[in-house]
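A quick write-up on the structure given underneath.
Quick caveat: nothing in here was measured; it's all calculated off a predicted structure. All chains are named by letter (A, B, ...) in the order of the sequence lines, taking the proteins before the strands, and each is independently numbered beginning at 1.
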Number of protein chains: 2
Amino acid sequence: MRPNKRAELIRKSLDLFYRNGFHATGMDLVAAETGVSKTSIYKHFRSKEELILAVLQLRDEDFRGWLFQRLEELADTPRGQLEALFDALGEWFEQPGFQGCMFIKASAEYQAGEDPINMQSAGHKRLLQEHFAGLAAKAGAQEPAALARQLMILKEGAIVLAAMNHSPAPAGDGRQAALALIDLAIR
Amino acid sequence: MRPNKRAELIRKSLDLFYRNGFHATGMDLVAAETGVSKTSIYKHFRSKEELILAVLQLRDEDFRGWLFQRLEELADTPRGQLEALFDALGEWFEQPGFQGCMFIKASAEYQAGEDPINMQSAGHKRLLQEHFAGLAAKAGAQEPAALARQLMILKEGAIVLAAMNHSPAPAGDGRQAALALIDLAIR
DNA sequence: ATGTTTGTGTACCGATCTGTTAACTTTCGA
DNA sequence: TCGAAAGTTAACAGATCGGTACACAAACAT
């Protein structure tokens, strides 16, 4: 399979899983929507789980790449980038196809702690948290890790509520809370 | 069906859906685990969706009843009850079977805005938010609704991260953030 | 030109999905 | 005690699930 075709298969699968959920999306639908026969799919992915893991890896790279770049565009200081977090999230919430965080949904459907899908989802969150902790340290926070954990909590909560209520409003409330917490953590 | 038996069916179904997920739990398993024949189940619930809605209603009553009572036990002032929120959540996170918020998972699996399951999940969150807003108003917050929305974001984020990482730690971080936000909102 | 790899469509596998039909038991009030 | 209501088991629909077998067609390097 040409690398392009493989990448396209993963990306289209991502759209399907993101819109319909994982259990609710059958491999027949994946084959029909991607235009790749089920036989070929199973020649490159030993199971549906392996395809999901590839989808999550793409999502991880895409999302972190987008978010970190957007933060750099919005601010050029570490503190400024932390403060811009919920501005970027607000832009995401307003995108037409926004349906919440793919990793939250993945770990909700595959919630066993030792499940590879759950572990990969947790890994994504860990990478985000480490990035925020690095920014917090550069910004001079007294407890960078603690601030990063607080911002992560705000971020996940805002995503969940925005998705459930189909409203971008939680970005504004999260932003206000984040600014206050950042202000307290960095003097 | 005796009311007791019906209630038991719903409660056992709740456990199954909570542990395994909604799509991943078949009605055959529900019948086997509850001891109620599938024929009888479908005599009292027209579809799996109706059973899920009954389960969510029970969960809503149980959870709000438990949380609000626990807050009253932990503090006797409105502000104290808001401050005790993450102490109560921490207790929940440490319970053996904790697997996250049932409504977040329900709305993740049934994410269409007009889906009754999604609407019922959003209704549960709205009731919680209104309760917090009432407490915030009694506590003298300048913008009770805004504080309630911020606390909701913290709450959902802490639940999601505690479930994904199988750790009660987010309760402590959420508590610290909540105390700071409450202190800023109520002078 | 030829043989190998790679992908294709199609039909199929056994299992499971939600939901139903039918005949038989239990329960329980009149 | 009798008869309706409600529950039971068991088999069965029709569809879909994840995954595979097989025969065939295109692409490719040699």
Side-chain angles (χ1 to χ4, degrees), chain A residues 1-57 102 105-106 108-112 114-118 120, chain B residues 1-56 105-106 108-112 114-118 120:
Chain A
M1 186 183 275
R2 302 196 318 277
N4 285 351
K5 189 110 177 166
R6 180 189 167 94
E8 194 183 347
L9 164 64
I10 297 179
R11 180 166 301 109
K12 286 186 179 172
S13 301
L14 193 158
D15 289 341
L16 286 172
F17 288 131
Y18 185 57
R19 281 206 309 270
N20 304 341
F22 296 94
H23 284 98
T25 303
M27 293 300 284
D28 286 310
L29 181 64
V30 171
E33 290 286 317
T34 60
V36 180
S37 73
K38 217 160 53 146
T39 313
S40 292
I41 295 178
Y42 275 101
K43 200 156 286 182
H44 293 274
F45 300 95
R46 260 172 297 185
S47 63
K48 183 182 183 181
E49 176 179 288
E50 260 195 20
L51 175 61
I52 292 176
L53 288 173
V55 162
L56 291 182
Q57 183 177 342
M102 187 148 210
K105 300 201 288 194
E109 289 201 47
Y110 303 89
Q111 54 193 335
E114 63 279 7
D115 191 309
I117 294 176
N118 194 307
Q120 189 148 336
Chain B
M1 186 181 274
R2 303 196 319 278
N4 285 349
K5 188 110 179 166
R6 181 190 166 94
E8 194 184 348
L9 164 64
I10 297 179
R11 180 166 300 107
K12 286 186 180 171
S13 301
L14 193 158
D15 289 341
L16 286 173
F17 288 132
Y18 185 57
R19 281 206 308 270
N20 304 341
F22 297 93
H23 284 99
T25 302
M27 293 299 283
D28 287 310
L29 182 64
V30 171
E33 291 285 317
T34 61
V36 180
S37 73
K38 215 161 52 148
T39 314
S40 291
I41 295 177
Y42 275 101
K43 199 156 287 181
H44 293 274
F45 300 95
R46 260 172 297 184
S47 62
K48 182 181 183 180
E49 176 179 290
E50 261 196 20
L51 175 59
I52 292 177
L53 289 174
V55 161
L56 292 182
K105 299 201 287 192
E109 289 201 48
Y110 304 88
Q111 55 193 335
E114 63 279 7
D115 192 309
I117 294 176
N118 193 307
Q120 188 148 336

Which atom pair, heavy atoms only, marks the closest approach of [X] to [Y]?
{"X": "Lys12(B)", "Y": "Thr34(B)", "answer": "CB-CG2, 3.7 Å"}
{"X": "Gln111(B)", "Y": "Tyr18(A)", "answer": "NE2-O, 3.3 Å"}
{"X": "Ile117(A)", "Y": "Ile52(A)", "answer": "CD1-CG2, 3.7 Å"}

Return the value, rounded to whole Å, for the distance between atom [atom1] of [X] and atom [atom2] of [N].
{"X": "Leu29(B)", "N": "dT18(C)", "atom1": "CG", "atom2": "C1'", "answer": "14 Å"}
{"X": "Ile41(B)", "N": "dT8(D)", "atom1": "CD1", "atom2": "C1'", "answer": "12 Å"}
{"X": "Met27(B)", "N": "dA15(D)", "atom1": "CE", "atom2": "C1'", "answer": "17 Å"}

**OP:** For Lys43(B), enumerate each residue passing the side-chain hydrogen bond (donor to acceptor under 3.5 Å, both in side chains) test, keeping only those at least two apart in sequence or located in another chain.
**Re:**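 Here no residue qualifies.
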**OP:** List in chain and number order the residues that pass side-chain hydrogen bond (donor to acceptor under 3.5 Å, both in side chains) with Ser37(A), two or more places apart in sequence or in another chain; answer none if no residue qualifies.
**Re:**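 Result, side-chain hydrogen bond (donor to acceptor under 3.5 Å, both in side chains) vs Ser37(A): Ser40(A).
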Could you list, one pair per line, each protein nitrogen or oxygen that sits under 3.5 Å from a nitrogen or oxygen of nucleotides 10-14 of chain C, together with the distance?
residue : atom : partner  : partner atom : Å
dT10(C) : O4   : Thr39(A) : OG1          : 3.1

Donor-acceptor contacts, no H, no angles, side chain residues 19-31 of chain B, under 3.5 Å, sequence neighbours left out:
residue  : atom : partner   : partner atom : Å
His23(B) : ND1  : Glu109(B) : OE1          : 2.6
Thr25(B) : OG1  : Gly21(B)  : O            : 2.6
Asp28(B) : OD1  : Lys38(B)  : NZ           : 3.0

Subject >> Near-strand residues of residues 45-54 of chain B, defined as heavy-atom separation under 4.0 angstrom from DNA chain C >> reply: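 Listed by number, they are Ser47(B), Lys48(B).
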**OP:** Could I get the full list of side-chain contact (heavy atoms from CB on, under 4.5 Å) partners for Ala112(B), not counting sequence neighbours?
**Re:**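 If we apply the side-chain contact (heavy atoms from CB on, under 4.5 Å) test to Ala112(B), skipping adjacent residues, the hits are Glu114(B), Asp115(B).
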Original post:
Between Tyr42(A) and dG19(D), does any side-chain N or O lie under 4.0 Å from OP1 or OP2?
Top reply: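 For Tyr42(A), the contact criterion (side-chain N or O under 4.0 Å from OP1 or OP2 of dG19(D)) is met.
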Original post:
Has His44(B) got a side-chain N or O lying under 4.0 Å from the OP1 or OP2 atom of dG7(D)?
Top reply: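 The answer is yes; a side-chain N or O of His44(B) sits under 4.0 Å from OP1 or OP2.
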Original post:
Say you draw a straight line from OG1 of Thr39(B) to NE2 of His44(B); how long is it, rounded to the nearest 0.5 Å?
Top reply: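 Atom-to-atom, Thr39(B):OG1 and His44(B):NE2 are 11.0 Å apart.
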Subject >> Residue mapping more 5' on DNA chain C - nearest nucleotide basis, Lys43(B) or Gly35(A) >> reply: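 Its nearest nucleotide being more 5', the pick is Gly35(A).
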